[in-house]
Amino acid sequence: MQRYFIDQNADVNQRFFITDKGDIHHISNVMRHQTGEKIIITFVDQNVYKCEIIDIATEGIELSLVEKIDIDTESPQHITICSGLIKADKYEWMLQKSTELGANHFIAAGMKRSVVKLNDSKIDKKLERWQKIIKEAAEQSYRLAIPSITYEASLKVVYDYIDEYDYVLIAYENAAKTGETHNFKSVVREMKSGDHVLVIFGPEGGLSEDEVALFDGKAYQIGLGPRILRAETAPLYVLSAVSFEKDLLD
């Protein structure tokens with residue numbers, strides 16, 4: 001059964017409408033749903049209901065609540081993935097898969113060795129496209145919330161608000177090369193439910209020494225095993241490891 005998000009709370013005394021143009025098109029033209037058919041709606045308060053389609057119109061699709069569905073698909077930790085800009089198809093693939101694996105927020109950051117550069121005129125359009133990819137991945141993977149994405153021009157901007165996080169990790173290639181294996185394991189085991197975690201990844205060319213030094217004393221440098229991972233693969237490794245430890249073992 002197809003799933004969609006609505007930016008409303010699930011109040012039984014309200015009328016509900018899907019007004020997102022993309023969702024309206026998908027329901028009426030792609031899935032060709034008819035009145036009386038059922039879909040799954042995730043509300044902004046993270047309540048999930050099976051809903052019946054009451055009316056389909058170009059400006060909105062009216063729904064009624066049918067049955068509450070008890071489900072909890074969110075990760076115990078709130079994880080932010082901060083990564084350097086990489087080639088468009090690889091970055092979009094990373095956003096999609098990281099959403100499926102439980103990331104809560106993304107920071108696309110300009111970094112010294114990024115081949116890809118964004119000028120001011122392209123930022124809003126890129127963020128809109130990336131948010132659409134994230135939303136579709138959240139629907140597909142039964143997420144209860146749609147992760148958000150922001151853009152920062154450099155890691156210096158990111159550094160200004162790292163105090164918002166309980167843990168800051170830097171996936172540093174040199175740490176892996178020197179055989180560092182302790183930090184990531186120990187931090188993941190220490191994490192508690194509700195902790196906010198920032199994990200920083202470099203672009204294709206990796207993080208510069210100056211960028212890493214910026215976080216001295218504020219972050220754990222972590223190695224991700226003996227193999228050097230691609231920029232788009234490393235976030236998936238981290239999210240999978242955290243999920244295994246906290247979703248399954250805990």
Side-chain angles (χ1 to χ4, degrees), residues 72-84 86 91 94-109 111-113 141 143-145 147-150 152 154-250:
D72 183 8
T73 56
E74 291 303 299
S75 301
Q77 288 73 37
H78 188 287
I79 300 179
T80 294
I81 299 295
C82 173
S83 54
I86 57 178
Y91 189 72
M94 185 277 290
L95 291 176
Q96 181 189 64
K97 301 309 175 187
S98 293
T99 298
E100 294 175 19
L101 287 168
N104 300 92
H105 178 61
F106 297 94
I107 302 172
M111 295 186 187
K112 185 175 181 181
R113 294 175 180 170
S141 56
R143 293 287 301 272
L144 297 183
S148 54
I149 184 166
T150 53
E152 302 295 358
S154 71
L155 281 181
K156 289 182 179 179
V157 181
V158 177
Y159 179 83
D160 289 340
Y161 52 86
I162 61 170
D163 288 341
E164 298 175 7
Y165 298 95
D166 298 289
Y167 296 97
V168 180
L169 311 178
I170 297 182
Y172 190 32
E173 183 177 327
N174 284 6
K177 287 180 177 178
T178 57
E180 196 290 307
T181 60
H182 175 72
N183 287 344
F184 185 42
K185 288 188 292 185
S186 62
V187 170
V188 171
R189 287 169 182 166
E190 288 176 9
M191 290 178 187
K192 301 180 296 296
S193 180
D195 279 346
H196 283 63
V197 183
L198 171 66
V199 194
I200 300 171
F201 303 89
E204 286 100 339
L207 293 157
S208 71
E209 292 181 1
D210 289 343
E211 288 170 328
V212 175
L214 180 65
F215 294 88
D216 279 352
K218 293 285 188 176
Y220 295 90
Q221 291 184 20
I222 60 172
L224 302 179
R227 294 164 293 280
I228 302 302
L229 305 176
R230 288 180 178 270
E232 69 271 23
T233 308
L236 310 187
Y237 181 103
V238 167
L239 289 165
S240 297
V242 174
S243 178
F244 179 75
E245 180 73 25
K246 298 304 181 182
D247 287 332
L248 299 184
L249 297 185
D250 279 1

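Predicted model only: the values in this text are computed from it and were never measured.
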Notebook entry, point to check: If you round to the nearest 0.5 Å, how far is CE of Met94 from CG of Leu101?
Noted result: 11.5 Å
Notebook entry, point to check: How long is the span from the CZ atom in Phe106 to the CD1 atom in Ile81, to the nearest 0.5 Å?
Noted result: 6.5 Å
Next item on the list: Any chance you could lay out the side chain to side chain contact (heavy atoms under 4.5 Å, CB included) test for Val187 and Ile222, step after step, and finish with the verdict?
Entry: CA-CA 10 Å; Val187 170; Ile222 60 172; 5.7 Å; no
Checklist line | Distance (rounded to the nearest 0.5 Å) between His182 NE2 and Tyr220 OH | finding: 9.0 Å
Check: CG of Leu155 to CD of Glu211: how many Å apart, nearest 0.5 Å?
Finding: 5.0 Å
Next item on the list: For Lys246 and Val188, indicate whether the former's side chain and the latter's backbone hold a donor-acceptor pair under 3.5 Å.
Entry: yes
Check: So, for Tyr91 and Ala108, which heavy atoms are closest and what is the spacing to 0.1 Å?
Finding: OH-CB, 3.3 Å
Notebook entry, point to check: Are Val212 and Phe215 close enough that some pair of their side-chain heavy atoms sits under 4.5 Å apart?
Noted result: no
N/O donor to acceptor pairs below 3.5 angstrom from side-chain atoms of residues 192-205, sequence neighbours left out:
| from | atom 1 | to | atom 2 | distance (Å) |
| --- | --- | --- | --- | --- |
| Asp195 | OD2 | Lys192 | N | 2.7 |
| His196 | ND1 | Gly194 | O | 3.3 |
| Glu204 | OE2 | Lys87 | N | 3.2 |

Next item on the list: Step through the shown structure and confirm whether more than 12 heavy atoms of other residues, nucleotides or ligands are within 6.0 Å of CZ on Arg230.
Entry: no
Item checked: Separation of Tyr237 OH from Phe184 CZ (nearest 0.5 Å) -> 7.0 Å
Notebook entry, point to check: Is the shortest heavy-atom distance from the side chain of Tyr167 to the side chain of Glu190 under 4.5 Å?
Noted result: yes
Check: Hey, is the main chain of Leu144 close enough, under 3.5 Å, to the side chain of Glu74 for a donor-acceptor pair?
Finding: yes
Notebook entry, point to check: So how far is it from Ile149 CD1 to Ser98 OG, rounded to the nearest 0.5 Å?
Noted result: 10.0 Å
Next item on the list: Could you pull out all residues at least two apart from Ser148 that satisfy side chain to side chain donor-acceptor pair (under 3.5 Å)?
Entry: His105
Checklist line | Check: Leu239 main-chain N/O paired with Ser243 side-chain donor or acceptor under 3.5 Å | finding: no
Next item on the list: Go through the steps to decide whether Met111 and Ser208 satisfy the test side chain to side chain contact (heavy atoms under 4.5 Å, CB included), and finish with yes or no.
Entry: CA-CA 8 Å; Met111 295 186 187; Ser208 71; over 6 Å; no
Next item on the list: Indicate yes or no for a side-chain donor-acceptor contact from Ser186 to the backbone of Asn183 under 3.5 Å, with no hydrogens or angles considered.
Entry: yes
Next item on the list: Identify the heavy atoms of Asn104 and Gln77 that sit nearest to each other, and give their distance.
Entry: OD1-O, 3.3 Å
Notebook entry, point to check: Does some side-chain heavy atom of Lys218 sit less than 4.5 Å from a side-chain heavy atom of Val168?
Noted result: no
Item checked: Closest contact, heavy atoms only, Leu224 versus Ala171 -> CD1-CB, 3.9 Å
